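What follows is a set of notes on a single structure, which appears directly below.
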Number of protein chains: 2
Amino acid sequence: MLKLSKLTDYAAVIMAQIARSPSDSHTAAELATQVKLPLPTVGKTLKMLAKNGLLESRRGSHGGYVLSRPPGEITASDIIAAIEGPIGMTECSHADGDCELFETCGVADNWQRVSQAIRTLLDGVTLAHLAQSSPIKLPVQLPIQSVTLPVTASKA
Amino acid sequence: MLKLSKLTDYAAVIMAQIARSPSDSHTAAELATQVKLPLPTVGKTLKMLAKNGLLESRRGSHGGYVLSRPPGEITASDIIAAIEGPIGMTECSHADGDCELFETCGVADNWQRVSQAIRTLLDGVTLAHLAQSSPIKLPVQLPIQSVTLPVTASKA
DNA sequence: GTGATATAGGACCATTTTAGTCCTCTTTGC
DNA sequence: GCAAAGAGGACTAAAATGGTCCTATATCAC
């Protein structure tokens with residue numbers, strides 16, 4: 001269903017929570033309480049986010065996590081990629097041509113374009129957007145139907 | 001990785017193959033040979049596509065599958081939904097409010113908007129696009145960065 | 001009406017992925 | 001030194017996925 005994993009979903013919620021007070025340091029325990037998720041899971045998620053450079057961590061007492069960049073500069077793509085790895089709709093979206101069906105596939109190119117479009121879309125959604133409650137506007141809604149190409153692909 | 005399942009990928013390839021001669025009837029065996037995938041798998045995929053109304057099937061000798069609509073009227077969304085169920089990035093994208101974390105989540109609305117944007121994007125990609133080898137153009141690439149909203153979400 | 005050709009519809013299993021927990025180690029501040 | 005916090009990884013249980021196979025049903029040709 002083109003779905004995010006639960007962990008990614010948690011990550012978004014946690015990041016949003018942090019983004020709402022971006023200058024404070026947040027401990028895993030604190031966040032776990034706030035988002036009502038079990039501590040070990042929150043801890044794991046935070047570690048992944050930190051390892052991928054979205055959060056700065058400090059150990060020891062008075063430690064915790066802070067955003068590594070302002071909320072406006074952290075994108076949905078970043079968060080998804082941090083938890084799930086590189087975004088791509090198909091196997092061959094990033095692998096370097098190790099798909100032995102490439103010849104007969106015939107749709108790889110266009111899938112990759114679609115994939116790229118989604119990535120671009122997600123690049124345009126920032127943590128600041130996610131964290132605020134007011135609706136964000138995305139441009140895709142309207143124009144896409146009008147961009148249809150000459151429909152070939154018929155033969156008979 | 002926001003990835004399609006393999007089956008969905010197969011479905012796209014198979015549908016594209018059919019779309020290249022849309023007036024012919026295609027048997028599972030025939031298609032399996034053409035796309036170089038095992039027959040049982042191709043059969044299963046075809047059944048799912050037929051059950052979801054994307055293909056018309058005919059049994060018996062001289063049977064096979066035909067597109068139920070012209071390639072320009074079958075979308076990537078249709079194909080994905082046929083194999084994977086409704087498209088949505090998060091659990092709560094379609095379920096009717098059975099998420100007990102809804103209160104503390106704080107990002108549900110905006111995720112749903114993103115989800116919707118992706119769906120719209122995929123609605124704009126037709127089988128005719130996928131089947132042709134020339135590049136399709138998608139509108140999202142350019143304008144999205146410019147639509148950013150007033151970045152609130154700071155507190156300190 | 002019989003037989004060959006196809007799909008329909010599930011049951012089934014093996015494998016992989018995912019979610020979630022826990023343990024031990026290191027860092028930091030007091 | 002001790003308590004608070006994160007780092008890193010091992011581990012398990014559960015779920016999703018991919019793939020195969022079997023039986024039933026429809027259709028056509030003869």
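So you know, we letter chains A, B, ... as the sequences are listed, proteins then strands, and number each from 1. In this text the structure is predicted, and so the values were computed from the model without any measurement.
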Distance in angstrom units between [X] [atom1] and [N] [atom2], rounded:
{"X": "A:L46", "N": "D:dG9", "atom1": "CG", "atom2": "P", "value": "17 Å"}
{"X": "A:I14", "N": "D:dG6", "atom1": "CD1", "atom2": "P", "value": "12 Å"}
{"X": "A:L49", "N": "D:dG8", "atom1": "CG", "atom2": "C1'", "value": "16 Å"}
{"X": "A:Y65", "N": "C:dT28", "atom1": "OH", "atom2": "P", "value": "14 Å"}
{"X": "B:E30", "N": "C:dT5", "atom1": "CD", "atom2": "C1'", "value": "13 Å"}
{"X": "A:M48", "N": "C:dT21", "atom1": "CE", "atom2": "P", "value": "13 Å"}
{"X": "A:K3", "N": "D:dT17", "atom1": "NZ", "atom2": "C1'", "value": "14 Å"}
{"X": "A:D9", "N": "C:dT18", "atom1": "CG", "atom2": "C1'", "value": "14 Å"}

message: Whether B:S5 contacts D:dG18 is assessed here as follows: a side-chain N or O lying under 4.0 Å from the phosphate OP1 or OP2. Is that the case?
response: yes
query: Tell me, which of residues 51-64 of chain A have any heavy atom that sits under 4.0 Å from an atom in DNA chain D?
result: A:S57, A:R58, A:R59, A:G60, A:S61, A:G64
Could I get a table of every N or O pair under 3.5 Å where one atom is in the protein and the other is in nucleotides 19-22 of chain D?
from	atom 1	to	atom 2	distance (Å)
D:dG19	OP2	B:Y10	OH	3.0
D:dG19	N7	B:K44	NZ	2.7
D:dG19	O6	B:K44	NZ	3.1
D:dT20	OP2	B:T41	OG1	3.1

Less than 4.5 Å apart, side chain to side chain, heavy atoms only: is that true for [X] and [Y]?
{"X": "A:E84", "Y": "A:S5", "answer": "yes"}
{"X": "B:M89", "Y": "A:D9", "answer": "no"}
{"X": "A:I18", "Y": "A:V66", "answer": "no"}

- prompt: Which atom pair, heavy atoms only, marks the closest approach of A:L127 to A:A16?
  reply: CD1-N, 3.7 Å
query: Is there a donor-acceptor contact under 3.5 Å from the side chain of B:S68 to the main chain of B:E56?
result: no
- prompt: Within the side chain of B:D78, is there an N or O that forms a donor-acceptor pair under 3.5 Å with the backbone of B:L54?
  reply: no
- prompt: Touch check for B:A29, heavy atoms < 4.0 angstrom, all strands: base, sugar-phosphate only, or nothing?
  reply: nothing
statement: To the nearest 0.5 Å, atom CG of B:L46 lies from atom OG1 of B:T41 at 11.0 Å
task: Kindly write out the residues that satisfy side chain to side chain donor-acceptor pair (under 3.5 Å) with A:S77, not counting sequence neighbours, or none if the list is empty.
output: A:D123
message: Assess, by modelled atom type and distance only, whether the side chains of A:Q116 and A:R119 contain a donor and an acceptor separated by less than 3.5 Å.
response: yes
